[in-house]
Every structure is written in structure tokens, then in C-alpha cells.
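Structure, as C-alpha cells:
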Amino acid sequence: MITRLNPSNEVQTAILTALQADAALLALSPRIYPPQAPNNPVRPFVLYGSVIATPNKVDGGDCADLSVAIHAFTNSSTAKPDGRGAALDIASNIARVLDDLDVEIGDGMTMKVYVQQIQCMQDGDASAWHSFVTVRAEAS
């Protein structure tokens, strides 16, 4: 850890590890990517968004609050005609995995995650859907 004021990489690793370890989430979306997905990713997939880190200078050690959205992209298809429902199911599982997650992230720091928002919207054409779960991670 370069500085306890910005544990963005460690938080990303912990969140992605938790998501990739959940069998129910993987059954809905077997592809979970860091902030950079491959070109033309196959839907459904989950994408870790861009983090906002807010450093906190406190007595007894520096820490940070981090905010990030975890995105889920789906399409309606013949096999799964309700793309919106699929996107919300993935978002619900992301929220289940991450809400109240409390793990060690290195350098004596722990991270506690709180779900803040869940939203779903159409993503371009009528068959494409995008949901996201915004979380706050307290690293101290």
C-alpha cells in the first residue's frame, strides 16, 4: 500500500475477490471485470467502475472513504426475454455480496462496505440493459 490515504487498489481487489467468489452471482454473470473490460465484451457481464477516494486524516492513523459503482450489463434475448429483470437480479446479488462486507485489505487496514444505491436503465437499444450498485467502502 503506497498510502493509507488512497487504498483504491486494495479495495478494488477485495471487492472483485468477493464478487468472483460468489457462485450465485457467477451463475447469472460469469464475467466480472476490473475497470477495463475487453473490447466488445459478451453480455451479461459485471464491471467495476471508477472509484472516488476521499482521504481522511484522523488521530491514530490515516484512512479513506471510497465510493464506486459496480455495473451489470445484459441484453434481452430469446432465451432471456426480460433483460431488465436479469440486470436487476445481477444487481441484487452484487448488493447481497457487498453489503456489510468487512475484510482485511493489508497494511493493518480493514474495509467495511455499505450499499448506497441500486439503479437500472435501458442502455442504448431496446434490448440492452444496465444496472449499477453504488457502494461506499470505509477503509481504516
Side-chain angles (χ1 to χ4, degrees):
M1 184 171 301
I2 295 171
T3 174
R4 293 172 58 95
L5 294 172
N6 183 22
S8 295
N9 289 334
E10 293 78 9
V11 167
Q12 175 182 311
T13 297
I15 287 175
L16 287 173
T17 298
L19 295 174
Q20 292 166 341
D22 189 77
L25 176 59
L26 289 174
L28 296 172
S29 179
R31 291 167 290 281
I32 300 175
Y33 299 116
Q36 179 62 52
N39 290 334
N40 303 311
V42 175
R43 292 179 184 221
F45 69 93
V46 170
L47 180 70
Y48 186 93
S50 297
V51 69
I52 298 170
T54 304
N56 289 326
K57 303 283 271 176
V58 296
D59 290 338
D62 298 331
C63 57
D65 286 332
L66 296 99
S67 179
V68 65
I70 312 299
H71 303 265
F73 296 89
T74 63
N75 280 339
S76 300
S77 66
T78 303
K80 292 194 176 194
D82 185 7
R84 185 190 74 63
L88 282 171
D89 286 347
I90 294 169
S92 294
N93 277 275
I94 292 168
R96 176 187 52 77
V97 171
L98 296 182
D99 193 45
D100 212 28
L101 179 67
D102 193 353
V103 296
E104 172 74 29
I105 61 170
D107 195 28
M109 291 189 86
T110 58
M111 171 190 76
K112 177 99 172 179
V113 178
Y114 303 93
V115 171
Q116 294 186 302
Q117 296 177 318
I118 301 169
Q119 186 174 358
C120 186
M121 64 185 73
Q122 214 162 15
D123 188 37
D125 65 55
S127 68
W129 292 91
H130 170 198
S131 66
F132 56 92
V133 179
T134 304
V135 299
R136 180 174 55 89
E138 293 177 349
S140 58

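Atom NZ of K112 has more than 12 heavy atoms from other residues, nucleotides or ligands within 6.0 Å. Dense packing is recorded around CD of Q122, with more than 12 heavy atoms of other residues, nucleotides or ligands lying under 6.0 Å away.
No path of Ile, Leu, Val, Met, Phe, Trp and Tyr side chains, each step under 4.5 Å between heavy atoms, connects L47 with I90, placing them in separate hydrophobic clusters. Clustering ILVMFWY residues whenever any of their side-chain heavy atoms sit less than 4.5 angstrom apart, transitively, puts L16 in the very cluster that holds V135. When the side chains of ILVMFWY residues are joined at heavy-atom separations under 4.5 Å, either directly or via intervening members, I15 and V103 end up in a single hydrophobic cluster.
The closest side-chain heavy-atom distance from L28 to N93 is below 4.5 Å. Contact check for D62 versus P55: no side-chain heavy atoms found under the 4.5 Å cut-off. Residues S92 and I118 are not in side-chain contact: their nearest non-hydrogen atoms beyond the backbone lie 4.5 Å or more apart. Contact annotation: the side chain of T74 never approaches that of D89 to less than 4.5 Å [non-hydrogen atoms, C-beta and beyond]. Inter-residue side-chain proximity for M111 and P7 is flagged as unmet; no heavy-atom pair is nearer than 4.5 Å.
Between the D99 side chain and the V115 main chain, a donor and an acceptor come within less than 3.5 Å of each other. Judged purely by atom type and a 3.5 angstrom limit, D125 uses its side chain to pair as donor or acceptor with the backbone of S127. Put simply, the side chain of S131 never gets that close to the backbone of C120: no donor and acceptor are under 3.5 Å apart.
Across V113, V11, I52, a single residue satisfies side-chain contact (heavy atoms from CB on, under 4.5 Å) together with L66, and that is V11.
Evaluation of the side chain to side chain donor-acceptor pair (under 3.5 Å) test over residues 19-35, restricted to residues two or more places apart or in two chains, returns D22-R96.
Using cut-offs of 30° and 60° for the angle between ring planes, the H71 and F132 rings count as tilted.
The existence of a salt bridge linking R43 and D123 is confirmed by a sub-4.0 Å separation between a basic side-chain nitrogen and an acidic carboxylate oxygen.
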